[in-house]
Amino acid sequence: MEFLSLLTPQFFVLVAGGTMVGILFGAIPGMTATMAVAVCLPLTYSLGLVDGLALLLGLYVGGISGGLVPAILLNIPGTPSSITTTFDGYPMTQKGEGERALKLAIYASLFGGLFSLAVLYLFAPALADFAIKFSYIEKFLIILLALTVMAALSSSLIVGIFSGVLGIFISLVGTYPTSVGGNGEVRLMPEALIPYLESGFALLPVLIGVFGVAAILAEAAQGVREETAADRLRLTTGKPFSLSLFRGQGVNLVRSASIGTFVGILPGVGGSAASVLSYSQEKNFSRNPEQFGKGAPAGVIASESANNGLTGGALVPLLSLGIPGDSTTAILIGAFALQGIQVGPLFIGENPQIWNSMIVALLAANAVMFLMMYFAIRHLARLVLIPKYVLYPIILMMSVVGAYTINYGIMFDVWTLLLFGVLAFVGQKLGLEVAPFIIGFILGPAAEIYFVKSIESFGTLTIFFTKSPIAMVLWVLIALSVGLSIYLARRAAGRGPDDPAAERGA
Amino acid sequence: MNSMLTTLGAGALGLALATAPVAATAQPISGNLRVVVGSTSTGGDTYQNASIVAEALGQKLGVNVKVDPVGATEAFKAITRDTRGNTVMIFHDQSYLGNLYGVRGYDDIFETYRIGPTVAINPGNAYLVPKKSPYQTIEDVIAAAGEGKRVRVAIEPGGVSEIGFSALKNAVRAKHPGSEGNVVAINTGSQADKNQLLFDGQADVIHGSVQANEQYTRLPETDQKAMRFVWLTSSRDVINQANPEGIGETGRDDMLKYVEPNTVVPRADGQPFVFDKDFFFIYNAKMSDEAVAAIDQALAGIYADGKIQTTQKNAFFIPNFKPSGEAHAYLQEKRDQYRQIIEAIRQ
């Protein structure tokens, strides 16, 4: 228990401060948990490793959780992993249940965070050993499984698949970098655009452009008008929050938190896949899949418990293999490097004090996140009462600042933001689907790399089916997911306007 | 509230007016110094080393310093835009090796940019095999390739990771002419991917580092993740400068087993191939002599103080300060030597 001496009041102040700043970063469209950790990383020099980690872990948990606020209230995901929170969170807000949705999401986030923390604490080395069973092939199949949800998230199977494939296509524009084993050559662009497009389109500007700027343009297209009180969304006109909402959601909570944790454990799969997979699994297993996309509490629970489940999961490979599990832990590893601490398979055993203090920091960060957000909900939810002609310019400004800073000051990222805002606005007029597009965009690069590397390593396509029992199980899941998507699409088509995604819009 | 803002604003303006002329005339680099690094990772050696140097440099020059891990392409663009000396780049041998390997986006740094001082060496550049591997040493690997066995080496193509692979191939070519084709590159990316290829049995040898892989070498042989060093590319002189305790439980004496003359990957002339991963500054080609000299002098002062050496050694770097002119000649000579090897195996 020597580590208790490290848990000074400053330690807890840093956790709380980090969590609060993280929530703000997550809640502002254009800012992310990754950015929050990157900005504060140099502080670990002066703070020392334990206190530095307290701050960074607070930022991490806060940043991942804060994304739910704009996702629910504004239909703009604060972080990439809160995309699926918009699907049902925003419809709940539209029904006057914004506060209810926020509370639901915060409880689910807390559960996901604590679940993954327990998994991290109890099983980290064993899970890391399991994670290394996933070679290029199994990782490709996991991403393929996540991609199969594109169809399930669309009002039309064909349009959904087309939108998703378009997202994959656009994600591959740029250089096939040598840093992932590529040939370093540019592709999918005319020569004249190489100076602009050689680094491709960055995820965050695309995400905020597609969700945020497009929504602002859509609003602007309707004309600026003075909103009357009746126009504004109400906060609590819908059903009130009650813990009984979680009745019957035990399986959903555990499954989604498990998926989030597990996806976090697999390096290179990407955090966004976690909430996409758990959302689609919940929808597929639900007795009322047609309610999804219309404000189903189960959808919010699935998404939020999964993306917070990611936090503990992504730390498993970091602390058991020295390999970051997601983009934020990739920054976090810098704190160890700056202090000259090796992270690898022997880290936990050799650094029990740091390990234990990290667990305490995560526990405290989850508690602080819950308390801060729970008691701030009433104020946060008032965001929807701000007239849109005041709110949207502020969001646009924040988005531009976020896009500019995400890659340390690249102006092209701002053009990307605006370009994809316009494209998404026009695309939706033409009937394209935003959700599958963005999921394709996020998962496309990893899918390509793992597919190409699998072929390069094994030289045959049949290996995808025969590599391991894990691969076979994943194929069964993929087949089930595709089958269910087709079944749900046919059932929805039979019901006409009851189509689950038809009303989701942008 | 308004009055408070007015007071603050007036204070800030007054401070700016009071300090600006002094800062502008006192030194060629004033205001903010942005250090862009050629890697996007904050967990890697480039960011770590740049942070150590930048912090000391900021204090010495009395300027604000920010290290931005933007990656090679964006870093080169950033220094191309700034002739004043307020944006400088810190990178390593990848900057010219990328050009030698023909990677897009890597111009000849000796012609396109201005070479600044070297600051440190990472002595940890390493090659590893699984602990269960039949190859005990890198000489075993060379012999196996000479006997016709296919040896798969996982590397990140086009740079530091590949130069050791090229040297290995060149050594096989020198010792067993015609067999160099048996040394095959498995192109991959991160250290995680290279490790995974070893775990999957898809690679026989991987590129790694003492820092990232040392703990794996301490795992029992029964563990799927267990590895063994077979070669460190640094020179004996460089390893000898490391702290005796080394890193983790691998001390300096342990590391010396894996460098020349104990472990030798021969060049065509029979001399051992050596690669020290040097970190150095790269500037805009038009950066003024005064600004270049200011950074040289500031770093000379920092290294004369002696504190930075301790910090670097504790972080497993070997201090290696050479002012700009000396660094240019030193790096160009390294480049020419590696060019010969790369051209030899291309024939």
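Nothing here was measured: the structure is a model prediction, and the numbers come from that model. Note on naming: letters A, B, ... go to the chains in the order of the sequence lines (proteins, then strands), and numbering restarts at 1 for each one.
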Check whether [X] gets within reach of chain B through its side chain, its backbone, both or neither, counting any heavy atom under 4.5 Å.
{"X": "A:Val186", "answer": "both"}
{"X": "A:Gln342", "answer": "both"}
{"X": "A:Ile333", "answer": "both"}
{"X": "A:Leu321", "answer": "both"}
{"X": "A:Ile406", "answer": "neither"}
{"X": "A:Pro195", "answer": "backbone"}
{"X": "A:Gln339", "answer": "neither"}
{"X": "A:Leu41", "answer": "side chain"}

side-chain hydrogen bond (donor to acceptor under 3.5 Å, both in side chains) with B:Arg34: which of B:Asn86, B:Asp68, B:Thr87?
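Of B:Asn86, B:Asp68, B:Thr87, side-chain hydrogen bond (donor to acceptor under 3.5 Å, both in side chains) with B:Arg34 is met by B:Asp68 alone.
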Please find out if less than 6.0 Å separates the ring center of [X] from that of [Y].
{"X": "A:Phe134", "Y": "A:Tyr450", "value": "no"}
{"X": "A:Phe130", "Y": "A:Phe123", "value": "no"}
{"X": "B:Tyr338", "Y": "B:Phe275", "value": "yes"}

Checking heavy atoms, do the side chain of [X], its backbone, both or neither come under 4.5 Å from chain A?
{"X": "B:Val210", "answer": "backbone"}
{"X": "B:Gln48", "answer": "both"}
{"X": "B:Thr73", "answer": "side chain"}

Are A:Leu53 and A:Phe336 side-chain neighbours, meaning at least one heavy-atom pair lies under 4.5 Å?
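Yes, their side chains come closer than 4.5 Å.
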For the residue pair A:Thr329 / A:Asp326, report whether a side-chain donor-acceptor contact shorter than 3.5 Å exists.
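Yes, side-chain donor-acceptor contact under 3.5 Å.
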Do the side-chain N and O atoms of B:Glu74 and A:Ser199 include a donor-acceptor pair separated by under 3.5 angstrom?
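Yes, a side-chain donor-acceptor pair sits under 3.5 Å.
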